[in-house]
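Residue numbers count from 1 along this sequence. Quick note: numbers below take in every heavy atom, side chains included, and nothing from hydrogens, waters or symmetry partners. Note that this is a predicted model, so its numbers are computed, not measured.
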Amino acid sequence: MKDLANSISVVQSLAPAVRTADANGTGVDLQGFEGATVVVDTGAEGVTLSGSVKIDFKLEESSDDSTYSAVTSATAVTDGTV
């Protein structure tokens with residue numbers, strides 16, 4: 001039987017938490033998969049957000065889990081949406 005629950009793998013890269021500094025998630029190996037869905041769970045912000053105090057997400061890719069570059073519409077492996 002094919003259904004969504006048995007067709008996906010869920011990996012948490014960065015747990016939601018109150019943070020006061022930049023944080024990086026762990027790499028997620030997508031070898032053998034044809035696509036990925038990214039879910040961002042921010043948790044509580046812990047401060048008053050403003051133009052200079054903000055939550056900023058950057059999606060990066062790497063073929064060696066050492067050197068990373070930004071995922072853009074030009075480097076996305078899907079239909080070009082990031």
## Note on the structure
Heavy atoms of P16 and Q12 approach each other most closely as CD-NE2, 3.6 Å

### Summary
Heavy-atom closest pair (G25 atom, L14 atom, distance to 0.1 Å) is CA-CB, 3.9 Å

### Query
Is it true that atom CG of D22 has more than 12 heavy atoms of other residues, nucleotides or ligands lying nearer than 6.0 Å?
no

### Query
Are V71 and F57 linked, directly or through other ILVMFWY residues, by side chains that come within less than 4.5 angstrom of each other?
yes

### Task
Side-chain contact test, heavy atoms from C-beta onward, threshold under 4.5 Å: evaluate it for T48 versus V53 and give yes or no.
no

### Message
Let me confirm one number: the OG-CG distance from S9 to D29, rounded to the nearest 0.5 Å.
### Response
11.0 Å

### Query
To the nearest 0.5 Å, how far apart are OH in Y68 and CG in L59?
11.0 Å

### Rounded distance (nearest 0.5 Å) linking atom CD1 of I55 with atom CG of L49
5.0 Å

### Query
Can you tell if the side chain of S69 reaches within under 4.5 Å of the side chain of E60, non-hydrogen atoms only?
no

#### Entry: For S62, side-chain hydrogen bond (donor to acceptor under 3.5 Å, both in side chains) partners two or more places apart
D64

